Participant: 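Would you mind keeping the following structure in view while I ask a few things?
Order of listing sets the numbers, starting from 1, for every ligand and every atom in it. Source: prediction; values computed, not measured.
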Amino acid sequence: MVGGGEGSFIGQVHRLAAEMDGMAQLVCGAFASDADRSRRSGVSMYHLPASRAYADYQEMFAMEAALPEHQRMQFVVIATPNHRHFEIAEAALQAGFHVVCDKPVTLDVRQAEVLAGLVATTGLQFGLTHNYTGYPMVREARALIASGALGAIRRVSCEYLQGWLAVQAHDNKQAQWRTDPKRAGIAGCFGDIGSHGHNLIEFITGEAITSVCAELTTFVPGRALDDDGNVLLRLANGARGVLSASQVAVGKENDLSIQVYGELAGLEWRQSDANSLLVRWADRPYEVRRAGWPGTSAVSLAATRVPAGHPEGYLEAFAELYRNFLLHLQGQPHEGYPGIADGVRGMRFIEAVVGSSAQGAVWKEV
Ligand code: NAD
């Protein structure tokens with residue numbers, strides 16, 4: 001792992017998710033930008049031997065590449081702030097390691113395209129943790145739409161509302177870099193969580209978002225990046241949609257929800273009740289599908305680890321991406337996971353949204 005040191009957020013989630021199914025084990029890391037903190041984090045947080053808690057990722061890639069194949073790490077997890085993703089992923093691929101990277105994949109489209117080129121030429125695997133696609137009922141929604149049960153998709157709305165950046169949080173490590181363009185990229189809220197909404201819409205509907213008309217807003221005085229925004233969407237099949245994301249929706253936790261309506265039926269999913277999928281029909285009352293029940297799709301059952309009703313959630317969905325990534329590494333059949341192509345499309349989406357908003361909410365192709 002690179003990143004995930006003392007006081008950080010997502011590194012621990014990656015470790016739990018990667019190890020959940022007993023298919024992977026954290027064996028080494030460079031956990032912080034400061035060498036002492038990196039080594040200390042490896043030993044005290046992750047209980048690694050000191051010899052494999054490295055000072056930085058350059059040392060880690062060199063030392064690990066020199067180990068005999070059966071001892072060396074096989075893939076690297078990148079859990080640093082956004083501005084470091086590109087250099088670390090590029091170095092990992094060049095050193096012959098597969099990559100799992102957190103989102104947004106890079107700072108701009110060009111960097112993402114360079115990584116896509118490297119993935120193609122090395123033949124190495126690249127996973128991108130758009131973790132919401134791992135929920136059983138999100139997979140059920142995708143399978144239902146792919147089966148044609150909704151008919152042609154006409155309308156999609158997706159909302160991702162948080163409140164934790166409603167005030168300037170100077171003492172919050174996670175807030176500091178997310179509101180700094182040098183470390184976060186050209187978008188704040190839309191890079192951080194709007195990017196998840198983009199990926200979720202494309203994953204569930206199976207349709208690309210082809211153009212956007214966006215209004216991004218910065219409500220908190222002195223903040224350099226957007227903390228709220230609304231985007232009109234056109235999808236490849238002619239469907240229309242709206243994506244709203246906010247980090248100033250006071251009191252909201254991680255309220256992610258999506259609705260999709262086709263010619264024949266509609267569906268609704270919300271993270272706060274993640275194991276339910278509501279399906280609306282034209283000629284009968286709505287139906288609630290629940291994770292883990294017979295009659296739901298094989299792909300949603302495969303993403304369910306315990307009998308229906310035992311709460312499964314964020315960590316298990318995150319682990320579902322890892323399970324499929326690891327099956328792929330083992331050469332076994334798998335259900336797929338977001339990859340570098342999603343990363344490139346995600347960066348094009350962010351650039352189109354920011355460009356649209358900057359020009360007064362004009363339509364932009366993605
Ligand atoms: P954080 O600030 O909590 O942690 C970042 C960690 O990276 C820190 O330990 C820091 O010391 C370390 N780091 C920085 N530069 C480094 C370097 N050069 N080498 C080694 N370590 C270095 O950030 P976070 O909230 O955990 O976010 C990290 C990444 O994960 C971001 O890209 C973010 O967008 C993404 N993220 C994704 C999700 C998700 O749901 N998929 C959720 C949260 C964060």
Side-chain angles (χ1 to χ4, degrees), residues 1-18 28-42 44-46 53-61 76-92 99-107 111-112 127-135 138 160 162 164-165 169 171-180 182-185 187-200 225 245 247 253-254 256 271 313-322 337-338 342-343 346-347 350:
M1 183 183 296
V2 186
E6 288 170 355
S8 69
F9 165 40
I10 206 71
Q12 286 278 22
V13 171
H14 277 273
R15 184 186 63 82
L16 289 165
C28 62
F31 299 98
S33 47
D34 171 80
D36 286 340
R37 205 151 33 88
S38 175
R39 292 197 203 91
R40 200 169 60 231
S41 300
S44 64
M45 278 178 73
Y46 294 102
Y54 294 107
D56 54 47
Y57 73 84
Q58 291 94 336
E59 181 192 47
M60 178 168 83
F61 293 159
V76 62
V77 175
I78 302 174
T80 64
N82 306 347
H83 67 308
R84 296 288 183 206
H85 293 180
F86 174 69
E87 66 182 64
I88 299 167
E90 185 183 42
V99 171
V100 173
C101 185
D102 222 312
K103 45 47 60 179
V105 67
T106 51
L107 282 190
Q111 291 182 345
L128 180 68
T129 41
H130 279 301
N131 43 293
Y132 304 106
T133 62
Y135 277 106
V138 166
Y160 196 158
Q162 299 179 334
W164 71 294
L165 292 178
D171 53 348
N172 180 318
K173 184 180 161 75
Q174 281 77 30
Q176 282 166 6
W177 70 256
R178 278 177 172 82
T179 52
D180 172 5
K182 289 198 186 69
R183 292 181 283 173
C189 173
F190 262 76
D192 202 31
I193 56 174
S195 57
H196 276 307
H198 165 260
N199 183 264
L200 188 66
L225 293 170
Q247 294 182 314
E253 295 172 341
N254 279 280
L256 171 63
Q271 176 165 243
Y314 183 76
L315 291 174
E316 289 85 352
F318 219 107
E320 191 54 20
L321 266 49
Y322 269 103
Y337 51 87
D342 299 270
M347 294 315 300
I350 291 170

Participant: Which of the atoms in ligand 1, numbered in the order shown and given with their element, are less than 4.0 Å from a heavy-atom of Asp192?
Facilitator: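 Heavy-atom distances to Asp192 below 4.0 Å select 34 (O).
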
Participant: Heavy-atom pairs closer than 4.0 Å: do any link ligand 1 to the side chain of Ala79, the backbone, both, or neither?
Facilitator: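 Backbone only; the side chain of Ala79 stays clear of ligand 1.
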
Participant: Could you list the residues that satisfy side chain to side chain contact (heavy atoms under 4.5 Å, CB included) with Ala32, not counting sequence neighbours?
Facilitator: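 So Ala32 forms a side chain to side chain contact (heavy atoms under 4.5 Å, CB included) with Arg37, Ser38.
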
Participant: Is the ring pair Tyr132/Tyr314 parallel, tilted or perpendicular, if the boundaries are 30 and 60 degrees?
Facilitator: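 Tyr132 vs Tyr314 ring planes: tilted.
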
Participant: Below 4.0 angstrom from a heavy atom of Arg178, which ligand 1 atoms are there? Numbered from 1 as shown, please.
Facilitator: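 Counting from 1, the qualifying ligand atoms are 25 (O), 27 (O), 33 (C), 43 (C), 44 (C).
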
Participant: Heavy atom to atom 15 (N) of ligand 1, shortest distance: which of Ala17, Ser195, Ser33 holds it?
Facilitator: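 Closest candidate by heavy-atom distance is Ser33.
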
Participant: For ligand 1, which atoms have a heavy atom of His85 less than 4.0 angstrom away?
Facilitator: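 Taking each heavy atom of His85 in turn, ligand 1 has 32 (O) under 4.0 Å.
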
Participant: Out of Trp177, Tyr314, Tyr57, whose heavy atom is nearest to atom 2 (O) of ligand 1?
Facilitator: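 The option holding the nearest heavy atom is Trp177.
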
Participant: Going by the order shown, which atoms of ligand 1 are within less than 4.0 Å of some heavy atom of His196?
Facilitator: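 Near His196, meaning under 4.0 Å from one of its heavy atoms, ligand 1 has 39 (C), 40 (O), 41 (N).
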
Participant: Going by heavy-atom distance to atom 26 (O) of ligand 1, choose the closest among Asp34, Asp56, Ile10.
Facilitator: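 Among Asp34, Asp56, Ile10, the closest heavy atom to atom 26 (O) of ligand 1 comes from Ile10.
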
Participant: List in chain and number order the residues that pass side chain to side chain contact (heavy atoms under 4.5 Å, CB included) with Ala187, two or more places apart in sequence or in another chain; answer none if no residue qualifies.
Facilitator: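 Per chain and number, Ala187 pairs via side chain to side chain contact (heavy atoms under 4.5 Å, CB included) with Phe190, Asp226, Ile350, Val354.
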
Participant: Going by the atom numbers of ligand 1, which of them fall below 4.0 Å from some non-hydrogen atom of Asn82?
Facilitator: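 Reading through ligand 1 atom by atom, the close ones are 31 (C), 32 (O), 33 (C), 34 (O).
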
Participant: Heavy atoms only: which of Ser8, Pro81, Ala184, Ala317 lies closest to atom 8 (C) of ligand 1?
Facilitator: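 Looking at heavy atoms only, Ser8 sits closest to atom 8 (C) of ligand 1.
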
Participant: Looking at the rings of His14 and Phe318, which for Trp means the six-membered one, are their centres under 6.0 Å apart?
Facilitator: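 Ring centroids of His14 and Phe318 are less than 6.0 Å from each other.
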
Participant: Using a strict 4.0 Å cut-off to heavy atoms of Thr129, name the atoms of ligand 1 that fall inside it.
Facilitator: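 Answer for ligand 1: 41 (N).
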
Participant: Which of the numbered atoms in ligand 1 are below 4.0 angstrom from a heavy atom of Gly3?
Facilitator: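 Numbered from 1, ligand 1 contributes 7 (O), 12 (C), 20 (C), 21 (N).
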
Participant: Output the list of atoms in ligand 1 that are nearer than 4.0 Å to some heavy atom of Ala30, sorted by atom number.
Facilitator: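 Under 4.0 Å from Ala30, ligand 1 has these atoms: 20 (C), 21 (N).
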
Participant: Between the candidates Val2, Thr80, Asp102, which shows the shortest non-hydrogen contact distance to atom 28 (C) of ligand 1?
Facilitator: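 Residue with the shortest heavy-atom distance to the ligand atom: Thr80.
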
